[in-house]
Amino acid sequence: MQREGCRMSGGEQEPAGAGMITLDDLDNMTDELGSDSAYNSNGSIEEEAEPMEDGDQDRLLNYWQTIGRGHQVEVPNEMAEPIQQMTRNNTTEERQRVPFLVLSCKEKCGEVLYEKRQYGQAKWACIKMQEEQYEQSICLGFMKLMRYICEQNSSGLYLGMTIPILTVVHTDESQSELTRSVTVAYYVPNHLQEHPPQPTDQDIIIEEWPSTVVFTRSFGGATNEESIMREIHLLAELLESPELCLQDTFIVAGYTNPAAANRQNEIWFLQRP
């Protein structure tokens with residue numbers, strides 16, 4: 001399978017006051033933790049040269065707690081170990097991308113408007129959330145998935161990070177707003193697809209998703225109710241036959257951690273079976 005196709009253009013910047021910290025804040029955090037910190041100022045993950053000390057673990061937890069408060073989410077102290085473990089183990093090379101086949105690209109004046117891809121049948125660890133705000137649902141859902149990834153599973157092993165993290169969202173019949181129910185999903189790494197470790201958290205379910213054709217467009221910045229609805233309407237206008245896709249179910253794909261100042265996201269339309 002071809003794993004990457006045309007370069008997607010997502011030029012939107014994070015709106016002011018969206019609850020995210022600034023690039024300066026991220027740079028300061030990197031300086032405090034040292035150059036071996038797993039998170040760089042772009043919110044991506046870099047290779048770590050030395051093990052973290054206890055003080056670094058505390059500062060990293062405090063950093064996540066600061067981010068969480070911006071989304072009205074409390075990050076409990078017991079998240080310190082999963083956060084440290086994920087930070088320590090993940091390097092750019094180790095983050096496995098979900099495999100896909102590029103079927104076509106739609107371009108205009110050198111800009112990729114959207115991409116058509118096929119994703120194969122695969123197993124995902126999924127958790128359903130229904131918080132008051134979208135950002136609360138994805139933050140709380142991802143923390144639960146982090147625990148599953150970081151040894152809280154039947155194998156007792158660290159599973160490794162895969163990208164993107166997907167969030168299945170739903171709209172009302174008129175496509176005017178999102179419903180509160182979302183599903184946050186983590187792709188089980190390729191070598192564990194046949195026999196995925198079972199979660200110790202009963203809220204997390206291993207689901208097998210069928211092969212699916214999606215239409216996808218990238219966008220940057222925050223993912224919230226307003227930005228997601230805007231991207232849904234934009235891609236619907238660009239597609240030649242949007243009626244061939246599901247009209248009330250969409251996917252938001254996230255490639256950077258929630259602390260990133262400039263997030264890399266995609267909106268996916270699902271072609272009807």
Side-chain angles (χ1 to χ4, degrees), residues 8 10 12 15 18-19 71-73 98 100 114-145 148 162-188 199 201-256 258 263-273:
M8 305 292 285
E12 274 191 57
H71 301 299
Q72 301 180 43
V73 170
V98 181
F100 62 85
Y114 61 83
E115 192 170 76
K116 184 178 181 181
R117 305 174 185 161
Q118 182 169 24
Y119 287 85
Q121 178 178 303
K123 295 184 177 70
W124 296 75
C126 305
I127 182 164
K128 297 185 184 298
M129 304 296 296
Q130 197 169 355
E131 299 300 317
E132 187 172 335
Q133 296 180 6
Y134 173 83
E135 288 277 271
Q136 293 173 320
S137 288
I138 62 171
C139 287
L140 292 171
F142 183 63
M143 281 194 288
K144 282 179 168 286
L145 290 175
Y148 168 67
T162 62
I163 55 173
I165 294 293
L166 302 187
T167 307
V168 183
V169 300
H170 307 278
T171 64
D172 57 10
E173 291 184 4
S174 62
Q175 283 192 3
S176 60
E177 62 181 6
L178 295 179
T179 65
R180 287 173 58 183
S181 177
V182 305
T183 299
V184 186
Y186 157 81
Y187 175 80
V188 176
D201 186 340
Q202 294 184 354
D203 290 338
I204 299 175
I205 304 298
I206 303 298
E207 297 182 2
E208 186 166 47
W209 291 5
S211 177
T212 307
V213 173
V214 305
F215 295 86
T216 174
R217 176 177 170 83
S218 69
F219 67 99
T223 53
N224 52 40
E225 291 85 349
E226 181 180 352
S227 65
I228 293 170
M229 289 307 306
R230 181 180 64 244
E231 295 300 325
I232 288 174
H233 291 150
L234 177 58
L235 184 51
E237 292 176 358
L238 293 172
L239 292 177
E240 297 174 358
S241 303
E243 68 277 2
L244 298 180
C245 300
L246 299 180
Q247 297 297 296
D248 62 353
T249 302
F250 307 90
I251 288 178
V252 180
Y255 289 84
T256 45
R263 292 200 213 172
Q264 300 173 12
N265 317 296
E266 292 173 344
I267 190 72
W268 292 6
F269 278 35
L270 308 176
Q271 184 170 287
R272 296 180 187 274

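Under a 4.0 Å N-O distance rule, the pair E266/R117 qualifies as a salt bridge. Contact check on E135 versus R263 returns a salt bridge, with a Lys/Arg side-chain nitrogen under 4.0 Å from an Asp/Glu carboxylate oxygen.
Note that the NE2 atom of H233 and the CD atom of Q175 stand 5.5 Å from one another [nearest 0.5 Å]. Remark: I206 CD1 to Y148 OH distance equals 3.5 Å, nearest 0.5 Å. Remark: L140 CG to E131 CD distance equals 5.0 Å, nearest 0.5 Å. To the nearest 0.5 Å, atom OH of residue Y186 and atom CD1 of residue I204 are 10.5 Å apart. Residue I127 holds its CD1 atom at 5.5 Å from CG of D201, rounded to the nearest 0.5 Å. The distance from the CD atom of Q130 to the CZ atom of R180 is 5.5 Å, given to the nearest 0.5 Å.
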* To do: Please lay out, stage by stage, how V213 and K116 fare under the test side-chain contact (heavy atoms from CB on, under 4.5 Å).
  => CA-CA 7 Å; V213 173; K116 184 178 181 181; 3.6 Å; yes
* Asked: Between H170 and T179, does a side chain to side chain donor-acceptor pair (under 3.5 Å) hold up when you go through it step by step?
  -> CA-CA 6 Å; H170 307 278; T179 65; 5.6 Å; no
* To do: Using the side-chain contact (heavy atoms from CB on, under 4.5 Å) rule, take T212 and Q271 through it: C-alpha gap first, then chi angles, then the decisive distance, then the call.
  => CA-CA 7 Å; T212 307; Q271 184 170 287; over 6 Å; no
* To do: Output, in order, the C-alpha distance, side-chain angles, deciding distance and verdict of side-chain contact (heavy atoms from CB on, under 4.5 Å) for C245 and L270.
  => CA-CA 5 Å; C245 300; L270 308 176; 5.8 Å; no
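Using a 4.5 Å cut-off on side-chain heavy atoms (C-beta onward), L178 and M229 make contact. A heavy-atom distance below 4.5 Å is not found between the side chains of Y255 and S218. With a 4.5 Å cut-off on side-chain heavy atoms, V169 and T167 count as touching. Looking at E207 and W209, their side chains come closer than 4.5 Å, going by heavy atoms from C-beta outward. In this structure the side chain of L239 reaches within 4.5 angstrom of the side chain of Y114, judged on heavy atoms. Put simply, the side chain of E173 does not reach to within 4.5 Å of the side chain of D248, judged on heavy atoms. The shortest distance between side-chain heavy atoms of Y187 and L166 does not fall below 4.5 Å. Taking the side chain as every heavy atom from C-beta outward, F269 and T216 never approach each other to under 4.5 Å.
By the side-chain contact (heavy atoms from CB on, under 4.5 Å) test, Q202 pairs with no residue at all, sequence neighbours left out.
A donor-acceptor distance shorter than 3.5 angstrom exists from the side chain of T256 to the backbone of Q264, with no hydrogens or angles considered. T183 places no side-chain N or O within donor-acceptor distance of the main-chain N or O of V168, the cut-off being under 3.5 Å. The closest donor-acceptor contact from the side chain of E237 to the backbone of L234 lies at 3.5 Å or more, if one exists at all. Put simply, the side chain of T249 never gets that close to the backbone of L246: no donor and acceptor are under 3.5 Å apart.
Contact between G220 and N265 at its shortest, heavy atoms only, is C-ND2, 4.0 Å. When all heavy atoms are compared, the tightest approach of F250 to I267 is CB-CD1, 4.5 Å. In this structure, V98 and P164 approach most closely via the heavy-atom pair CG2-CD, 3.8 Å. What you find for V188 and A125 is that their closest heavy atoms are CG2-N, 4.1 Å. The heavy-atom pair separating M129 from V184 by the smallest distance is CG-CG2, 4.5 Å.
Using bins of under 30°, 30° to 60° and over 60° for the plane-to-plane angle, the ring pair Y119/F100 lands in the tilted bin.
When the shell of 6.0 Å around NZ of K128 is examined, it contains 12 or fewer heavy atoms from other residues, nucleotides or ligands. Heavy atoms of other residues, nucleotides or ligands lying less than 6.0 angstrom from CD of E243 number more than 12. Shown here is E226, whose CD atom has no more than 12 heavy atoms of other residues, nucleotides or ligands within 6.0 Å.
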